[in-house]
*Asks:* 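Questions regarding the structure given below will be posed in turn.
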4 protein chains.
Amino acid sequence: MSDVPTSNGDLRRLILDTTRRLLVKEGYHNLSMRKIAQSINYSATSIYLHFESKDALLHALIDEGMQQLYDAFTSIVGQFPDRPVKRLRALCEQFITFGLDNPEYYEIMFQLRPEQMERYPAEKYRRARRNLDTIAEALAEGADEGVFEVADARVSASTIWASLHGTVSLLLAERVDIRIDQNDFIETAIRQTLRSYTTRAVA
Amino acid sequence: MSDVPTSNGDLRRLILDTTRRLLVKEGYHNLSMRKIAQSINYSATSIYLHFESKDALLHALIDEGMQQLYDAFTSIVGQFPDRPVKRLRALCEQFITFGLDNPEYYEIMFQLRPEQMERYPAEKYRRARRNLDTIAEALAEGADEGVFEVADARVSASTIWASLHGTVSLLLAERVDIRIDQNDFIETAIRQTLRSYTTRAVA
Amino acid sequence: MSDVPTSNGDLRRLILDTTRRLLVKEGYHNLSMRKIAQSINYSATSIYLHFESKDALLHALIDEGMQQLYDAFTSIVGQFPDRPVKRLRALCEQFITFGLDNPEYYEIMFQLRPEQMERYPAEKYRRARRNLDTIAEALAEGADEGVFEVADARVSASTIWASLHGTVSLLLAERVDIRIDQNDFIETAIRQTLRSYTTRAVA
Amino acid sequence: MSDVPTSNGDLRRLILDTTRRLLVKEGYHNLSMRKIAQSINYSATSIYLHFESKDALLHALIDEGMQQLYDAFTSIVGQFPDRPVKRLRALCEQFITFGLDNPEYYEIMFQLRPEQMERYPAEKYRRARRNLDTIAEALAEGADEGVFEVADARVSASTIWASLHGTVSLLLAERVDIRIDQNDFIETAIRQTLRSYTTRAVA
DNA sequence: AATGAATGAGCATTCATTCAT
DNA sequence: GATGAATGAATGCTCATTCAT
């Protein structure tokens with residue numbers, strides 16, 4: 001693929017992109033340094049010039065994924081600055097889209113158990129939490145406006161995240177009854193999730 | 001050779017239990033026949049006297065887990081034969097409890113991607129779906145009684161399952177903000193999930 | 001296959017027959033004590049009650065094969081007591097038929113290198129040599145009658161055997177050009193082999 | 001680590017030669033990558049730097065053998081361009097010499113059953129057939145000159161090959177009566193084989 | 001006469017990583 | 001900045017054989 005040797009420090013970029021591609025194509029378990037090297041027509045050793053270890057490479061990838069998701073979220077916030085309900089729905093949709101579009105990204109970002117990735121510094125996870133805050137803010141603003149009923153925005157945001165994560169996970173693991181239409185499933189999941197926080201209209 | 005000499009067919013049990021323990025401690029990907037063998041002070045070959053293959057061993061474990069969960073669900077159905085709301089809440093609580101109590105089962109039961117466990121027969125997954133049906137029934141009965149608002153019980157049941165699964169997954173992966181009380185988180189997740197299907201009170 | 005347990009000492013017989021069958025069906029390399037045992041619905045251990053080792057079992061089989069071939073040869077001798085030419089041709093045909101009909105038998109009888117079957121006692125190979133003697137006798141008688149030209153019957157018999165063995169080996173190894181008709185090939189091999197020892201008619 | 005430190009790409013050569021040696025000493029079935037590695041004081045992994053798989057290694061060996069035999073045949077053809085009888089005799093002698101001198105090559109070249117080496121591409125076997133063609137040509141030319149009596153040169157060449165192959169096989173398997181002088185045996189085999197195709201002298 | 005339980009040695013192959021150049 | 005050469009450890013699995021019962 002990369003017949004044309006990439007000049008200078010682009011190699012790091014090339015490695016990251018290739019790894020991501022392989023991750024999606026072959027899955028986390030079939031990912032090996034050897035295969036990455038082969039894909040970019042470099043020696044396996046070369047990867048170590050740019051990443052201390054396989055773990056380090058994956059961590060960099062997780063960071064990128066988190067950033068990407070954060071960027072998407074930020075853009076949505078920009079689109080609906082004062083429409084918390086619409087904003088929250090868009091965030092939900094975006095999360096699910098992101099997960100389904102980047103399945104193996106998703107795996108290393110959200111599904112790896114800590115003991116499997118033990119050297120990933122907790123500080124980085126904290127960075128990931130910014131995404132959660134975006135949801136919490138929408139909830140809080142909605143509560144202020146009286147359209148959401150929220151006891152504790154932080155807890156509620158996590159609950160919403162759980163629903164979304166469960167939805168993506170089941171879809172990725174192909175555990176959802178095949179007789180159920182995927183879009184129907186996603187739409188229902190989002191609608192019900194939001195509904196559970198919506199203020200009930202009193203006649 | 002084993003510390004506590006196990007008589008007769010107990011070895012099969014010992015293998016199953018040890019595998020479950022290792023699954024929790026080291027995760028699915030770091031599980032190997034050799035490690036299992038080492039843990040029980042038997043040769044790796046001995047495992048093959050009781051299980052045809054690594055897959056067969058894991059399948060046996062999945063079956064056990066599914067059965068256990070099914071038994072728990074069945075017992076709940078028996079406790080609340082005509083109280084669909086109470087029954088549904090109990091089922092939700094039970095699912096989360098089961099997941100947190102049996103993280104080892106949980107991973108291989110619900111989190112493994114099909115390509116990682118491809119030889120697990122689809123028929124068995126179908127068997128697993130009985131648990132989902134139990135939820136769908138409670139929803140349908142509740143809808144009949146007018147206490148639940150449900151368009152399609154099958155889709156809704158899957159949606160509820162997604163929420164529960166997401167909740168368990170995040171807790172097991174230790175991805176929930178440590179400042180959030182676990183019980184609070186669980187209670188909120190269940191309450192909101194049910195709330196989203198509850199008929200809105202009319203004044 | 002042997003649902004009906006064979007009584008008494010028939011087990012030895014059953015093992016031999018089953019092994020022979022497996023040898024043909026699966027080949028020498030895929031033959032294992034485990035598989036033999038499985039095929040006869042006995043434990044692997046039971047085989048050791050009748051044969052000291054896998055080698056011993058194979059030796060017994062080789063003996064049987066040699067005896068079988070010897071019996072066939074003897075019968076031919078009886079059919080053509082004083083027709084050495086016809087007798088020799090029949091022996092050649094029989095040898096090739098035997099080889100093609102019992103390919104894996106043939107392998108352990110004639111193709112195993114001594115170092116692969118080191119414990120097979122040389123004395124047994126000597127027993128096998130009786131078959132060669134039968135050929136040598138036909139040659140010698142033919143020479144006496146003036147129909148064969150033979151310098152040293154022992155050497156010539158070995159030469160003939162070599163031709164036959166080569167023919168069988170190439171056929172079994174599927175090394176003969178597929179455009180050549182097998183019967184044509186065999187017939188030519190035998191005809192030419194005999195021809196080379198036939199006295200040339202002088203005008 | 002190796003006794004005589006081999007520089008650069010010599011390891012490939014060393015592996016090939018060692019494999020050949022082991023093949024003679026222990027036979028095809030007892031050949032393992034581990035043993036090869038041990039023999040050259042390298043790790044088993046190192047072999048994979050030079051050969052994709054065990055099969056690939058053996059294929060390389062077969063190719064070498066086929067080429068060597070072909071070169072020897074070609075040289076003989078050059079020595080007797082218009083003496084088909086002498087040429088054929090030389091080819092026969094060369095085949096047997098080759099077999100006895102290279103028992104390791106011989107087994108994998110001519111004695112392996114296809115199911116034992118199934119991945120060896122048929123196209124390569126076809127290449128091996130060039131050697132047979134060389135024999136067929138000598139026969140055909142001799143027939144043209146009236147010195148050979150040949151019905152179908154292709155069939156006859158295969159028949160000759162069978163005789164030679166049988167001769168080599170029995171010698172390698174040490175199945176020839178030890179009271180028979182090896183050179184006598186070989187000489188007789190060749191003489192008789194040729195004789196069977198020689199036109200009978202007319203007074 | 002028969003077996004269940006057990007094992008050590010072996011197999012081809014893959015992996016992340018190191019090191020001298 | 002890049003690499004070829006090399007490796008120890010690991011993988012799931014099969015094998016012939018032994019031994020106490």
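Within every chain, numbering begins at 1; the chains are lettered A, B, ... in the order of the sequence lines, protein sequences first and strands thereafter.
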*Asks:* OP1 or OP2 of F:dG4 versus the side-chain N and O atoms of D:H50: is any pair under 4.0 Å?
*Replies:*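 Looking at the OP1 and OP2 atoms of F:dG4, neither is under 4.0 Å from any side-chain N or O of D:H50.
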*Asks:* What's the closest nucleotide to the side chain of D:Y48 if the choices are E:dT18, E:dA12, E:dA5?
*Replies:*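 Selected nucleotide: E:dA12.
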*Asks:* Looking only at heavy atoms, what is the nearest atom pair of A:L61 and A:Y105, with distance?
*Replies:*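 The answer is O-CE2, 3.3 Å.
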*Asks:* In this structure, which one of D:E107, D:E26, D:E104 forms a salt bridge (charged side-chain N to carboxylate O under 4.0 Å, His left out) with D:R20?
*Replies:*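 By the salt bridge (charged side-chain N to carboxylate O under 4.0 Å, His left out) criterion, D:R20 pairs with just one of D:E107, D:E26, D:E104: D:E104.
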*Asks:* Give a yes or no on whether a donor-acceptor pair under 3.5 Å exists between the nucleobase atoms of E:dA12, that is its base, and the side chain of D:R34.
*Replies:*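 When only heavy-atom distances are counted, D:R34 does reach the base of E:dA12 through a donor-acceptor pair under 3.5 Å.
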*Asks:* Find which nucleotide of DNA chain F each of B:A44 and C:A44 is nearest to by heavy atoms, and output the residue with the more 5' nucleotide.
*Replies:*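 Residue closer to the 5' terminus by nearest nucleotide: B:A44.
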*Asks:* If you pin A:M33 and C:S43 to their nearest nucleotides in DNA chain E, which one's is more 5'?
*Replies:*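 The residue whose closest nucleotide sits nearer the 5' end is C:S43.
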*Asks:* Can you tell me the pairing partner of F:dC13 across any strand shown, Watson-Crick or G-U wobble, with both distances under 3.5 angstrom?
*Replies:*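 Because both required distances fall under 3.5 Å, F:dC13 counts as paired with E:dG10.
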*Asks:* Taking atom CD of B:E52 as the centre, report whether more than 12 heavy atoms of other residues, nucleotides or ligands fall under 6.0 Å from it.
*Replies:*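 Counting other residues, nucleotides and ligands, CD of B:E52 stays at 12 neighbours or fewer.
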*Asks:* Find the distance C:I36:CD1 to E:dA2:P and express it as a whole number of Å.
*Replies:*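 After rounding, the gap between these two atoms is 16 Å.
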*Asks:* Remember a base hit wins even if backbone is also touched, and classify C:L31 as base, sugar-phosphate or nothing at under 4.0 Å, heavy atoms.
*Replies:*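 Touches sugar-phosphate only.
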*Asks:* In whole Å, I'd like the distance from the CZ atom of C:R12 to the C1' atom of E:dA2.
*Replies:*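 Value for this atom pair: 18 Å.
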*Asks:* Return the value, rounded to whole Å, for the distance between atom CG of A:N30 and atom P of E:dT13.
*Replies:*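 That distance rounds to 18 Å.
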*Asks:* Could you state the CD-P distance from C:E26 to F:dT14, rounded to the nearest angstrom?
*Replies:*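 Going from CD in C:E26 over to P in F:dT14 covers 13 Å.
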*Asks:* Hey, which of these two, B:I47 or A:E52, hits DNA chain E nearer its 5' end, going by closest nucleotide?
*Replies:*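 The residue closer to the strand's 5' end, by nearest nucleotide, is B:I47.
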*Asks:* Could you please name the option among F:dA16, E:dC15, E:dT18 that lies closest to any side-chain atom of A:K35?
*Replies:*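 Within the option list, the nearest is E:dC15.
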*Asks:* Does D:S46 have a side-chain nitrogen or oxygen under 4.0 Å from the phosphate oxygens OP1 or OP2 of F:dA5?
*Replies:*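 Negative; the distance criterion is not met.
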*Asks:* If we only count heavy atoms from C-beta on, is the B:L49 to B:L11 side-chain gap below 4.5 Å?
*Replies:*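 The answer is no; the side chains never approach within 4.5 Å.
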*Asks:* Rounded to whole Å, how long is the line connecting atom CG of D:N41 with atom C1' of F:dA5?
*Replies:*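 So the CG-C1' distance, D:N41 to F:dA5, works out to 16 Å.
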*Asks:* Tell me which nucleotide, if any, is Watson-Crick or G-U wobble paired with F:dT21 when both distances must be under 3.5 Å.
*Replies:*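 E:dA2 - that is the nucleotide pairing with F:dT21, both distances being under 3.5 Å.
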*Asks:* Could you state the CD1-C1' distance from D:I40 to F:dA5, rounded to the nearest angstrom?
*Replies:*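 Result: 13 Å.
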*Asks:* Can you tell if the side chain of D:F51 reaches within under 4.5 Å of the side chain of D:R12, non-hydrogen atoms only?
*Replies:*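 With C-beta onward as the side chain, the pair touches.
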*Asks:* In whole angstrom, give the distance that lies between atom CG of B:D55 and atom P of F:dT11.
*Replies:*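 These atoms are roughly 16 Å apart.
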*Asks:* B:L49 has a side chain; which of E:dA6, E:dA2, F:dT7 sits nearest to it?
*Replies:*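 Closest of the options to the side chain of B:L49: E:dA6.
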*Asks:* Heavy atoms under 4.0 Å, any strand shown: does D:S32 hit a base, just sugar-phosphate, or nothing?
*Replies:*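 Answer is sugar-phosphate: D:S32 comes under 4.0 Å of backbone atoms only.
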*Asks:* So which atom in A:R175 and which in B:I108 form the shortest heavy-atom distance, rounded to 0.1 Å?
*Replies:*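 Shortest heavy-atom contact: NH2-O, 3.9 Å.
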*Asks:* I want to check one thing: is the phosphate of E:dT7, taken as OP1 and OP2, less than 4.0 Å away from some side-chain N or O of B:T45?
*Replies:*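 No.
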*Asks:* Can a side chain N or O of A:Y42 be found less than 4.0 Å away from OP1 or OP2 on F:dA2?
*Replies:*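 Indeed, a polar side-chain atom of A:Y42 lies that close.
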*Asks:* Report the distance from atom CZ of D:F51 to atom C1' of E:dT13, rounded to the nearest whole Å.
*Replies:*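 D:F51 atom CZ is separated from E:dT13 atom C1' by 16 Å.
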